[in-house]
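The structure appears below as structure tokens.
Just so you know, these numbers use all the heavy atoms, side chains as well, and skip hydrogens, waters and symmetry mates.
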Amino acid sequence: MSCEGHRPVLMDVALGAPASPRLATHLAECGSCRAVLDEERQFLGRLDAAVEHSLQVHPSVSFLPGVRQRLTEPPARRWWLVVWLAPAAIGLLLVPRILIRKPTDAAPAPPRTAATEPRPVRPPDRVPAPTFTRTRPLAAVRIVRAERASAPGPEVLIPAAEREALRRYMRDLQARRIDSTLLRMVGVEPSGLKRIEMPPIDLAPIRIAIIGVQPLTMDSPNLGVNE
Amino acid sequence: MHEAAGASIDRPVTRGEATDLEVEFEARLADSAALAFRVAYGVLRHREDAEDVAQEALARAYRKLGTLRERSRFRAWLVRICWRLARDRRRAAKRRERREQAVFGATREPTAEDMAVANEFRRRLWQAIDQLPEKLRMVLVLAGIEGYDVREVAALLGLPAGTVKSRLFLARRRLAERLR
């Protein structure tokens with residue numbers, strides 16, 4: 001192999017890598033390559049010396065007193081921790097409020113009395129139990145399920161005597177055969193339940209009972225219907 | 001090796017223990033203060049900043065000395081604390097410099113320190129060192145401090161000697177290639 005073939009590995013040899021037997025033989029014969037290897041070694045030596053020289057610095061006389069002074073001081077507060085923790089804590093407080101939004105237009109709940117206490121009704125089997133609780137009572141007149149029956153969520157039981165009448169009433173309402181001004185929609189719950197506030201209605205031959213305001217809670221499957 | 005070697009120092013330290021710690025720390029301070037300063041200087045290359053960082057590293061080491069289970073590794077532990085603090089300081093300084101450049105549109109005036117290191121070869125040398133990956137740079141700087149050999153650097157970093165040797169080889173070769 002020619003000198004040019006060996007030159008690229010001379011730096012590695014200068015850095016301490018073992019020379020191959022072929023290179024060793026060549027170096028023994030070639031003064032030019034030996035000179036290059038020496039140059040590489042000298043260059044690396046200058047580099048090492050420059051690094052070492054740059055780091056041959058000594059601390060000032062006030063260095064050690066400065067350390068002892070620091071030991072008497074309280075450790076620096078981690079202000080950045082406060083900077084990050086405060087928004088995180090606020091965010092954690094807000095998340096439940098965002099997930100469980102309260103109705104913005106709900107009327108204040110009237111005091112609960114024995115007369116308005118909802119009657120416990122056993123839910124049918126197909127009705128899944130509510131998966132969340134709601135401590136704040138809903139001021140609702142009647143809750144009509146507006147979703148598919150298979151959808152999760154609470155369902156209000158409607159007495160059998162009224163169920164057919166209400167269904168026909170809603171069908172007629174949607175077909176605009178009934179004056180919708182009689183009925184005032186006061187909001188749509190995030191769960192898909194429509195809260196409907198109704199005045200006393202007497203539409204022969206359908207009769208919808210007068211419905212009073214009563215608080216309902218979502219934490220029980222026994223969502224009653226005021227008769 | 002790590003700053004959090006051992007766990008908590010939260011239990012109250014008795015008077016006797018505190019005195020023992022102080023005595024031990026004073027001995028270690030005399031032994032390792034220059035090392036901490038040079039490690040910081042190797043990263044920052046600014047005397048005042050390096051002193052500040054080294055002092056902080058030593059103060060932290062003292063406060064957590066009780067948690068260090070292997071006292072024989074104090075210097076390695078201190079080097080690691082000091083390196084991290086210096087690196088953080090340098091990054092913060094770079095961010096600040098970029099902000100200032102963005103605001104004022106000009107670089108800062110060279111300080112006396114800058115002029116002292118204005119030697120062209122040294123400037124290029126440290127430029128090249130700064131461009132090395134941190135693992136290589138750390139080995140190179142530690143090897144440059146008081147001429148530590150491979151075994152000493154390995155002990156300081158808690159690495160096998162072979163790893164240090166190969167990193168040092170790579171670091172020097174890259175430096176040579178850039179500076180030739």
Side-chain angles (χ1 to χ4, degrees), chain A residues 3-4 6-20 23 32-33 35-84, chain B residues 21-22 25-26 29-30 32-43 45-48 50-52 54-64 117 119 121-126 128-129 140-148 150 165-166 168-173 175-180:
Chain A
C3 292
E4 293 304 316
H6 289 299
R7 290 284 163 86
V9 294
L10 290 181
M11 172 58 81
D12 288 351
V13 175
L15 284 163
S20 66
L23 177 61
S32 160
C33 284
V36 172
L37 181 61
D38 284 344
E39 277 178 25
E40 298 282 24
R41 282 182 174 144
Q42 284 173 14
F43 178 66
L44 286 170
R46 285 204 304 276
L47 273 187
D48 292 343
V51 173
E52 279 185 37
H53 183 259
S54 297
L55 292 168
Q56 290 309 307
V57 287
H58 299 277
S60 64
V61 289
S62 63
F63 180 71
L64 288 180
V67 176
R68 294 189 186 97
Q69 171 65 29
R70 281 189 193 224
L71 296 180
T72 63
E73 297 168 355
R77 294 199 180 279
R78 297 184 173 181
W79 57 269
W80 51 268
L81 204 60
V82 177
V83 168
W84 284 104
Chain B
L21 271 182
E22 284 167 16
F25 186 73
E26 277 297 325
L29 191 60
S32 310
L35 172 66
F37 170 71
R38 284 172 183 157
V39 167
Y41 186 83
V43 178
R45 288 188 305 286
H46 187 278
R47 180 175 288 276
E48 282 75 26
E51 283 199 1
D52 190 43
Q55 285 174 345
E56 180 61 26
L58 285 161
R60 285 192 190 189
Y62 173 75
R63 291 193 192 104
K64 300 208 171 186
V117 295
N119 177 288
F121 182 73
R122 283 179 64 190
R123 189 185 63 78
R124 286 181 55 213
L125 172 70
W126 282 104
I129 291 174
L140 188 79
V141 169
L142 288 179
I145 294 174
E146 296 168 358
Y148 283 140
V150 169
K165 195 173 177 182
S166 64
L168 195 55
F169 180 91
L170 282 174
R172 292 172 75 214
R173 186 164 71 179
L175 268 192
E177 285 168 357
R178 284 182 184 153
L179 294 171
R180 203 197 309 261

If I take atom [atom1] from residue [X] and atom [atom2] from residue [Y], how far apart are they, to the nearest 0.5 angstrom?
{"X": "B:Leu140", "Y": "A:Asp48", "atom1": "CG", "atom2": "CG", "result": "7.5 Å"}
{"X": "A:Asp12", "Y": "B:Arg172", "atom1": "CG", "atom2": "CZ", "result": "11.5 Å"}
{"X": "B:Glu177", "Y": "A:Met11", "atom1": "CD", "atom2": "CE", "result": "7.0 Å"}

Proximity breakdown for B:Leu125 and chain A, heavy-atom pairs closer than 4.5 Å: side chain

Chain A contact via B:Leu168 - which portion, at a heavy-atom distance below 4.5 Å: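 Looking at B:Leu168, nothing touches chain A.
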
I'd like a table of donor-acceptor pairs (distance under 3.5 Å, sequence neighbours excluded) in which one partner is a side-chain atom from residues 37-46 of chain A, with atom names and distances.
from    : atom 1 : to       : atom 2 : distance (Å)
A:Glu40 : OE1    : B:Arg180 : NH1    : 2.6
A:Glu40 : OE2    : B:Arg180 : NH1    : 2.7

Short side-chain to backbone donor-acceptor contact, B:Arg38 and A:Val57, under 3.5 Å: yes

Under 3.5 Å donor-acceptor, B:Arg47 side chain and A:His58 backbone: yes

Heavy-atom check, side chain of B:Tyr62 versus side chain of A:Val67, under 4.5 Å: no

Stepwise side-chain contact (heavy atoms from CB on, under 4.5 Å) check, A:Ser62 with B:Glu51: CA-CA 9 Å; A:Ser62 63; B:Glu51 283 199 1; 4.3 Å; yes

Heavy-atom proximity to chain B below 4.5 Å, by part of A:Ala17: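 Both parts, backbone and side chain.
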
Ionic contact status for B:Glu26 with A:Arg68, cut-off 4.0 Å: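 Salt bridge between A:Arg68 and B:Glu26, a charged N being under 4.0 Å from a carboxylate O: yes.
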
